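These notes are about the structure you will find just below.
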Amino acid sequence: MDRRHLLTLTGSSALGAAAALAGCGGSSTPEHGSSVKGRSTATRSPVPTASPAPPSSPSAPSSPASTPSFDTPGGMTPLSSGARLVGWCGHPGAPGQGRLGVGNDLAARTTEMLALTRQYAGAKPVVPVMELIVTTVHATPGADGTYRTRIDGAVIDQWLAMARRRRALLLLNIQPGRARFIDEVRAYERWLEEPDVGVALDPEWSVQPGQVPGRVFGHTTGAELNLVGQYLSALVSRRGLPEKVAVFHQLNPGVVRQESTLRPYPGMAWVKSVDGIGSPGAKVATWKRVTATTPDFVRLGFKLFYQEDVKTGGRLMTPAEVLALDPVYVMYE
């Protein structure tokens with residue numbers, strides 16, 4: 001189901017359809033954006049209707065997973081230590097939102113993920129990454145009018161425990177709808193106080209008052225991202241934490257506006273993940289276009305789509321082709 005079909009849906013059907021469309025970083029093209037290179041109106045699998053909607057606010061677990069020694073390559077500061085991050089994204093029981101949600105069997109999926117990460121072993125040590133969608137965008141406003149819901153805190157705790165079993169970094173992915181990124185990030189402070197948890201922001205799903213996710217491309221600004229950077233930096237300083245990774249997914253230059261105003265902050269590392277879809281040539285072209293405006297202090301990431309890249313471009317890029325671009329973050333959906 002593509003986003004144009006979303007416009008014909010109402011109520012719970014629209015909500016479920018939007019949830020299915022909103023993968024990590026997004027992948028479909030809004031109605032007015034179909035001319036963007038490397039993007040497509042790719043279909044998504046619906047979220048199982050038997051799954052209850054997550055509550056509007058996460059609840060903290062009664063006790064956190066034990067803090068690991070985090071003896072993965074790169075230690076507790078993987079990017080500053082020169083490591084490469086490689087992993088998958090997903091949402092429990094939602095195969096349309098990423099490979100980690102397929103089959104609702106996190107142990108099996110992460111075993112497969114680790115096999116993939118080993119293909120990137122080379123000059124840089126590899127740190128596995130699990131990107132969990134914690135704030136999910138929807139096509140209906142909900143009780144608070146934000147077009148988003150938050151995952152239950154117990155799910156985050158389960159994923160964090162699994163990440164520690166796999167010696168992986170956990171990133172909390174946020175699709176804010178009409179909510180503000182900074183408010184959503186703050187809502188997960190309980191987990192961001194942990195040494196091995198960072199954030200991933202989806203500006204494509206950040207819309208303005210009067211706009212509906214899926215009908216338009218969302219966007220953010222350097223100033224809005226700075227609020228997140230300032231918050232994470234203060235949290236690191238206050239809690240004595242290691243480096244916080246903050247990814248922002250970007251599929252075209254307009255998704256992050258006034259990027260020149262973005263600033264570095266002590267204790268956190270910015271990563272721009274390029275999310276273009278299509279053939280290897282189209283994806284590389286999107287990479288060049290989106291990375292052209294990147295500030296020097298922002299590291300670069302690259303995203304691959306198991307279904308959409310094959311459907312629109314014929315095949316998935318090989319690890320060797322991806323490594324030729326030298327991204328520090330490689331994410332598969």
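For clarity, every value in this text was computed on a predicted model and none was experimentally measured.
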Less than 4.5 Å apart, side chain to side chain, heavy atoms only: is that true for K283 and F305? yes
State whether the side chain of D202 and the backbone N or O of W205 hold a donor-acceptor pair below 3.5 Å, judged by distance alone. no
Is the side chain of T261 donor-acceptor paired with the backbone N or O of Q258 at a distance under 3.5 Å, no angle test? yes
Is it true that the side chains of T110 and R166 contain a donor and an acceptor less than 3.5 Å apart? yes
Using a 4.5 Å cut-off on heavy atoms from C-beta on, say whether the side chain of M331 contacts that of V129. yes
Look only at the side chain of Y188 and the backbone of V134, and say whether a donor-acceptor pair between them is shorter than 3.5 Å. yes
Are the side chains of W270 and P295 in contact, using a 4.5 Å heavy-atom criterion? no
Verify, without hydrogens or angle tests, whether T286 (side chain) and A282 (backbone) share a donor-acceptor contact under 3.5 angstrom. yes
Should L251 and E204 count as side-chain neighbours, where that means a heavy-atom distance under 4.5 Å? yes
With heavy-atom distances below 4.5 Å as the criterion, would you say the side chains of L235 and L241 are in contact? yes
Using distance alone, with no hydrogens and no angle criterion, decide if H219 and S206 have a side-chain donor and acceptor under 3.5 Å apart. no
Path from V298 to V274 over hydrophobic side-chain contacts below 4.5 Å: yes
Residue pair R289 / P253: nearest heavy atoms and the distance that separates them: CG-CG, 4.0 Å
Please check if the side chain of E131 supplies one atom and the backbone of C89 the other of a donor-acceptor pair under 3.5 Å. no
Test applied, salt bridge (Lys or Arg N to Asp or Glu O under 4.0 Å); reference residue, E193; option that passes from R186, K244, R239, R238: R239
Determine, step by step, whether V199 and E184 satisfy the side-chain contact (heavy atoms from CB on, under 4.5 Å) criterion, reporting the C-alpha distance in whole Å, the side-chain angles of both residues, the deciding distance to 0.1 Å, and the verdict. CA-CA 10 Å; V199 298; E184 294 306 299; over 6 Å; no
Does E224 use its side chain to pair, donor to acceptor, with the backbone of T221 at less than 3.5 Å? yes
Does the side chain of F302 come within less than 4.5 Å of Y332's, by heavy atoms? no
Within the side chain of D157, is there an N or O that forms a donor-acceptor pair under 3.5 Å with the backbone of L160? no
Is the shortest heavy-atom distance from the side chain of R84 to the side chain of L323 under 4.5 Å? yes
Looking at every non-hydrogen atom in both residues, tell me the closest pair between G276 and D309 and how far apart they are. O-OD1, 4.2 Å
If only atom types and distance count, is the side chain of T111 paired as donor or acceptor with the main-chain N or O of A107 below 3.5 Å? yes
Is there a side-chain contact between L170 and D196 in this structure, where contact means two heavy atoms from C-beta onward sitting under 4.5 Å apart? no
Within the distance-only criterion (no hydrogens, no angle test), does the side chain of Q230 pair as donor or acceptor with the backbone N or O of L227 below 3.5 angstrom? no
If hydrophobic clusters are built from ILVMFWY residues whose side chains come within less than 4.5 Å, do I156 and V197 share one? yes
hydrophobic_cluster_shared for W159 and L192, side chain cutoff 4.5 Å: yes
How far apart are the C-alpha atoms of W88 and E112, what are their side-chain angles, what is the distance that settles it, and do they pass the side-chain contact (heavy atoms from CB on, under 4.5 Å) test? CA-CA 10 Å; W88 284 357; E112 296 172 0; 3.5 Å; yes
Say whether M130 and F248 are linked into one hydrophobic cluster, either directly or through other cluster members, by side-chain heavy-atom distances under 4.5 angstrom. yes
Are a donor atom and an acceptor atom from the side chains of T135 and Q175 found within less than 3.5 Å of each other? no
